[in-house]
Amino acid sequence: QDKVEQLRKNGVEVIPDPMQDFLPEPNQEYKNGATAPELIFRSIVERYKDPSISIKTHQATELHKKGYKGGNVNLTIVDTGISPHQDLPEIKAFDDMFTEEPNDPAIDHHGHGTHCAGIAAGTGAVFKAGMAPETELRGVAVLDKEGKGSATSIQKGIERAVEWKKEDPDRPMVVSMSLGGQSMIP
């Protein structure tokens, strides 16, 4: 909090992360069969009336006007998964490190991966477009419904992204991971 106040005193506009207050509780049952990503999107809209707060910070609109929309890039989100959403491009490939099935149907165990995909690749169909709305989107679920995973699942997720890169060697690939964890150092 002190750091935020210091930044504001120095003229830096500090924009709160809209996700902070809306992450779903593990094992929570939702009314009307809503998924965690749907609840997160609804909550952000209700509270902020503008869920693209972070997009303004990165000035994505200015980049889009110059033609930079990620159309030549493959983007792989390595996180809790990705749920299909009307504001995301088609998910071209998906793998879930918690199943043995190849080419799993896209799912988000928690909601965070879909949120990250929206920031990176939102198409603008519902909210403002993400950083790269024309990218080819892929996802790997390496974290569970509580946002927990292992170094092994994360490693396997990165290896899966490398396999996809080998299948399309001429296109650049970005691997996006928004992972946290507990430190072993006191």
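The structure displayed is predicted, hence computed values, not measured ones.
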Backbone of [Y] reached by a side-chain donor or acceptor of [X] within 3.5 Å:
X: Asp79; Y: Met177; answer: no
X: His109; Y: Val142; answer: no
X: Ser153; Y: Met97; answer: no
X: Asp87; Y: Ala125; answer: yes

At what distance, to the nearest 0.5 angstrom, does [atom1] of [X] lie from [atom2] of [Y]?
X: Leu75; Y: Glu134; atom1: CG; atom2: CD; answer: 13.5 Å
X: Ser178; Y: Ile119; atom1: OG; atom2: CD1; answer: 8.0 Å
X: Thr123; Y: His85; atom1: OG1; atom2: NE2; answer: 9.5 Å
X: Leu179; Y: Ile154; atom1: CG; atom2: CD1; answer: 5.0 Å

Item to check | side chain to side chain contact (heavy atoms under 4.5 Å, CB included) partner of His110, the single match among Thr80, Leu143, Asp144 | outcome: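 The option that passes is Thr80.
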Checklist entry - Under the criterion side chain to side chain contact (heavy atoms under 4.5 Å, CB included), which of Ile91, Asp108, Thr76 is the partner of Ile82? => result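 Testing each of Ile91, Asp108, Thr76 against Ile82, the sole residue satisfying side chain to side chain contact (heavy atoms under 4.5 Å, CB included) is Ile91.
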To check you understand the geometry: which heavy-atom pair defines the closest contact between [X] and [Y], and what is its length?
X: Pro133; Y: Gly122; answer: CB-O, 3.2 Å
X: Trp164; Y: Phe94; answer: CZ2-N, 3.9 Å
X: Asp96; Y: Ala141; answer: OD1-CB, 3.7 Å
X: Pro84; Y: Ala106; answer: CD-O, 3.8 Å

Next on the checklist: If we check salt bridge (charged side-chain N to carboxylate O under 4.0 Å, His left out) with Glu163, which of these qualifies: Lys165, Lys166, Arg160?
Outcome noted: Arg160
Checklist entry - Are Phe98 and Ile107 close enough that some pair of their side-chain heavy atoms sits under 4.5 Å apart? => result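 A side-chain contact is absent here, since even the closest heavy-atom pair is not under 4.5 Å.
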Next on the checklist: Holding to side-chain hydrogen bond (donor to acceptor under 3.5 Å, both in side chains), I want the full list of residues that pass it with Asn74, two or more places apart in sequence or in another chain.
Outcome noted: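 Residues passing side-chain hydrogen bond (donor to acceptor under 3.5 Å, both in side chains) with Asn74: Arg138, Asp168, Arg171.
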Checklist entry - Does a sphere of radius 6.0 Å around NZ in Lys156 hold more than 12 heavy atoms from other residues, nucleotides or ligands, not counting ones at 6.0 Å or beyond? => result no
